[in-house]
Amino acid sequence: MSDRLLAGLNDQQLAAVTLPAQPALILAGAGSGKTRVLTTRIAWLIQTHQASPQGILAVTFTNKAAKEMVARISSMLPINTRGMWIGTFHGLCNRLLRAHHRDAGLPQTFQILDTADQLSAIKRLLKANGIDDEKYPPRNLQVFISSAKESGLRSGAVEVDDPYNRKFVEFYAMYDAQCQREGVVDFSELLLRCYELLLRNEPIRTHYQERFRHVLVDEFQDTNTLQYKWLKLLAGSHNAIFAVGDDDQSIYAFRGANVGNMADFEREFRVSNVIRLEQNYRSHGNILDAANALIRHNARRLGKNLWTSEGTGEPVRVFEAGSDGLEAAWLVDEVKNLVADGLARREIAVLYRANAQSRVIEHALFNAGIAYRVYGGLRFFERAEIKHALAYLRLIENPADDTAFLRVVNFPPRGIGARTVEQLQDTAKTQDQGLYAAVGGVAGKAGVNLAAFVKLIDSLRFETANLPLAEIVEAVIDRSGLLAHYKTEKEGQERVENLEELVNAAAAFVAEEGYAQDASGTQADGAVALPSPLAAFLSHASLEAGENQAAEGQDALQLMTVHAAKGLEFHAVFITGLEEGLFPHENSIQELDGLEEERRLMYVAITRARRRLYLSFAQSRMLHGQTRYGIRSRFIGELPEAGLKWLTPRLRESAGLRFGGWHDAGVQPSVAVATPMRSHQEKDGYRIGQTVRHARFGEGVIIRLEGSGTDARAKINFGAQGVKELLLSIAKLEVA
DNA sequence: TCGGTTCAGAGTATT
DNA sequence: TCTGAACCGA
């Protein structure tokens, strides 16, 4: 039986799957069968009776990854995966906190604030305390609070070195107090509160430590400081952490991920079993050679080299365009050819560094009538009308939730203006209670309207108490007036449909019964009540915002950022906008280890391709309303020349990028195009777009010319050396 | 409460 | 250049 489970694994995969119960670190390269190893490991542990399904905890970063894991395990073993602890860090912490809310100091009905809710809570707190939001921007406070929590620090533990900093810390304390008062937790609070619960409550900690003999972690390179601390606490000194990750694919430092956790884990747990999965089952040789060669330029690595038993395949194609528009035009042509050759559009991905780059490409695709799908954008539970409906539901569940209260107190409009709300907030503050509770303290007509609102919520709560979830939602969108409001709105049709979809989502949620299992059989003392379906649904809405991509269905080209492409694979991949300043991004160059992270990002991009890889860059690009002249990304130069096939001629190897090269050579895209953009502005014989050489900074491109006479200055993009502004009378520039 | 105007900012993102 | 948020007048 176990033979079948293990059949087809290569030696390294087999070794990883069948490791003894010890701390283990699996360095899983791109396309090396990482998820297969993780899920087969779990199935093997269960099948060989080394662990029961309840004795395993597996944690991921996204709901998608968790679902995939559950699905694969289900297909391998005839067991019920429902009771298993497989989920995201946030989902599992939520589960623990629901089960032990009292010990964690939370009300049973605590609500989860998403990022937008958190920001509005911060703004409200700033206002209530008369703090200058220009001196203390809400966004900065939000980032400060989140990163403190993600480092495991409460306000009292944050080091203060100056008065400005002190104010942030003070605000952090006030914010936490407000959340506590209102019975809400933000995303990082879920983790921190759960960590503190396990840290301080010995019986609970021991209970879970004895239960989860095997703790498996996916994408370990993406863990932040707090997540690693949480894992260490949960594993205790006896349990086996099985960490799977790839330091070369660490691309989330900007949101707190600490790759250093990998090395720390190896050291702190004295990991004797570091297994490298280097055989790649995805890409052909030339693509892997490119990826390997590129990533070798990074100094800080644990070290890995991908290989394949497949052939070298096609060369990596490189295209130099005159402008971003021409790059898009070429791309459209190339896609047409691929599709004409029989390749499905969904098997082609167009990747870019920043979302803004999609516009030019979308424009070209749209005009060419090629179906495409852009990843990113508003998700279902983030839509305004859905958030409004959820706010009503939250108030039913927890009247102390002031964020929810303020969102809908006057939506749809019911004569409760800003003035009234301010009055109410003052009353609430002097009485030291929530808005809902303070309503009685407001007199006059305003008070009557407020009382009517509270009465609406109260009666909804009372009347829906024993109804099935879908009917509660239905009653709320109806009785709140939301549905009627959007029905009268000119462009409200889609919103009405979304609200109706919310009723369906509630019904589907109950049908899947995910919520009931979430809390069953998981309590330490077995005495904790199940959360109501409504509470579970609200958690679900916060923790899983829905699909982050356009509707599926038709066969469409896939457009997305490189970040969004992580974990995916396609037959053909276009990596566009490979220009200095864009990819690698100029902001990253300033950051500590920023360039290495950009290179890892490029590594991720390259390894998405199975059979065909295109790299492209443009000489000029419209950015922030200005035409910018860039030079080819250094990353292209870091790839093995032998595996590249230039679709556009390069005039002089040493000169790097030259302008109008393809024009002279007559290799034009088959679309009507203008000559590459070129400024007419000239100064002392220099012009924008011109390639020049500086003794110290090397080769660069003039991107701006200003002043005149002795004050004539040129802004020059020296690529790796950055953008410099030089006085033409002083700098000795050599025309390349 | 709406619709228009103005202004700053423009990087990647999950929960 | 374009977008979203903030702001102001009717």
Side-chain angles (χ1 to χ4, degrees), chain A residues 59-66 87-95 112-120 123 133-134 137-139 143 146 149-150 185-192 194 218-219 222-224 226-227 250-257 324-325 351-360 363 375-379 381-382 410-419 485 489-490 539-549 560-567 577 581-591 594 597-598 600-602 604-605 621-628:
Chain A
V59 61
T60 64
F61 279 87
T62 66
N63 293 297
K64 198 177 153 200
T88 62
F89 280 100
H90 294 85
L92 297 176
C93 285
N94 178 52
R95 198 156 157 177
I112 301 165
L113 298 184
D114 68 15
T115 315
D117 294 334
Q118 185 188 28
L119 189 63
S120 77
K123 285 180 181 167
D133 63 358
E134 289 199 356
R139 292 221 175 272
V143 168
S146 298
K149 288 187 180 182
E150 279 159 18
V185 297
D186 59 48
F187 285 134
S188 13
E189 182 71 23
L190 278 173
L191 284 159
L192 183 53
C194 186
D218 189 19
E219 306 276 17
D222 289 339
T223 51
N224 64 35
L226 179 56
Q227 286 159 339
S250 162
I251 56 172
Y252 285 114
F254 70 90
R255 69 172 199 211
D324 48 356
L351 309 185
Y352 34 80
R353 177 63 180 78
N355 284 304
Q357 288 168 249
S358 76
R359 298 181 72 237
V360 186
H363 184 74
Y375 281 61
L378 257 201
R379 299 150 111 211
F381 286 112
E382 289 168 355
N410 197 34
F411 194 93
R414 47 175 72 88
I416 302 171
R419 173 63 52 75
H485 174 81
E489 230 181 30
K490 286 191 295 285
S539 297
H540 167 77
S542 302
L543 292 175
E544 189 165 1
E547 282 292 299
N548 193 6
Q549 60 191 69
M560 65 191 86
T561 62
V562 180
H563 281 92
K566 187 166 165 234
L582 198 57
F583 199 180
H585 198 279
E586 53 198 357
N587 294 359
S588 300
I589 309 287
Q590 324 292 329
E591 290 161 13
E597 176 135 329
E598 291 288 304
R600 290 192 290 267
L601 197 51
M602 180 67 181
V604 167
R621 182 175 295 277
M622 194 61 119
L623 214 64
H624 307 331
Q626 283 183 321
T627 302
R628 289 238 313 225

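Residue numbers start from 1 in every chain, and the chains themselves are labelled A, B, ... in the order their sequence lines are given, proteins ahead of strands.
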For the backbone of [Y] and the side chain of [X], can you confirm whether one donor and one acceptor N or O come within less than 3.5 Å of each other?
| X | Y | value |
| --- | --- | --- |
| A:Ser542 | A:Ile112 | yes |
| A:Asn410 | A:Pro413 | no |
| A:Asp324 | A:Met622 | yes |

Can you tell me if the side-chain N/O atoms of [X] get under 4.0 Å from OP1 or OP2 in [N]?
| X | N | answer |
| --- | --- | --- |
| A:Asn355 | B:dT12 | yes |
| A:Ser588 | B:dT12 | no |
| A:Arg379 | B:dT15 | yes |

Quick one: the side chain of A:Glu597 and the base of B:dG11, do they pair up donor-acceptor inside 3.5 Å? no
Closest non-hydrogen atom pair between A:Leu543 and A:Phe187, with its separation: CD2-CE2, 4.0 Å
Give the rounded distance in Å between these two atoms: [atom1] of [X] and [atom2] of [N].
| X | N | atom1 | atom2 | result |
| --- | --- | --- | --- | --- |
| A:Tyr375 | B:dT14 | OH | C1' | 16 Å |
| A:Arg255 | B:dA13 | CZ | C1' | 5 Å |
| A:His585 | B:dG11 | NE2 | C1' | 5 Å |
| A:Asn63 | B:dT15 | CG | P | 5 Å |
| A:Asn410 | B:dT1 | CG | P | 5 Å |
| A:Leu543 | B:dA13 | CG | P | 20 Å |
| A:Phe89 | B:dT14 | CZ | P | 16 Å |
| A:Arg621 | B:dA10 | CZ | C1' | 15 Å |

Check every strand shown and say whether [X] touches a base, only sugar-phosphate, or nothing at a heavy-atom separation below 4.0 Å.
| X | answer |
| --- | --- |
| A:Tyr252 | sugar-phosphate |
| A:Lys566 | nothing |
| A:Glu382 | nothing |
| A:Arg353 | base |
| A:Ser188 | nothing |
| A:Glu189 | nothing |

Between A:Arg414 and A:Ala545, name the one whose nearest nucleotide on DNA chain B is closer to the 5' end. A:Arg414
Between A:His90 and A:Ile251, whichever has its closest DNA chain B nucleotide further toward 5' is A:Ile251
Please list, in 5' to 3' order, the outermost nucleotides of DNA chain C lying under 4.0 Å from any heavy atom of chain A. C:dT1 to C:dA6
Flag side-chain contact, heavy atom, 4.5 Å: A:Phe89 against A:Leu226: no
With A:Leu351, the side chain to side chain contact (heavy atoms under 4.5 Å, CB included) member among A:Val604, A:Val562, A:Leu601: A:Val562
Whole-Å P distance, B:dT12 and C:dT3: 15 Å
How far does the P atom of B:dG11 sit from the matching atom of C:dG4, given to the nearest Å? 13 Å
Is it true that A:His563 and A:Phe254 have ring centroids separated by less than 6.0 Å? yes
Is a salt bridge present between A:Glu544 and A:Arg379, judged by a nitrogen-to-oxygen distance below 4.0 Å? no
With the six-membered base ring of B:dT12 as reference, does the ring of A:Phe254 sit under 5.5 Å away with planes under 30° apart? yes
A:Thr62 has its side chain closest, among B:dA13, B:dG11, B:dT15, to B:dT15
Residues that A:Asn587 engages under side chain to side chain contact (heavy atoms under 4.5 Å, CB included), provided they are two or more places apart: A:His585
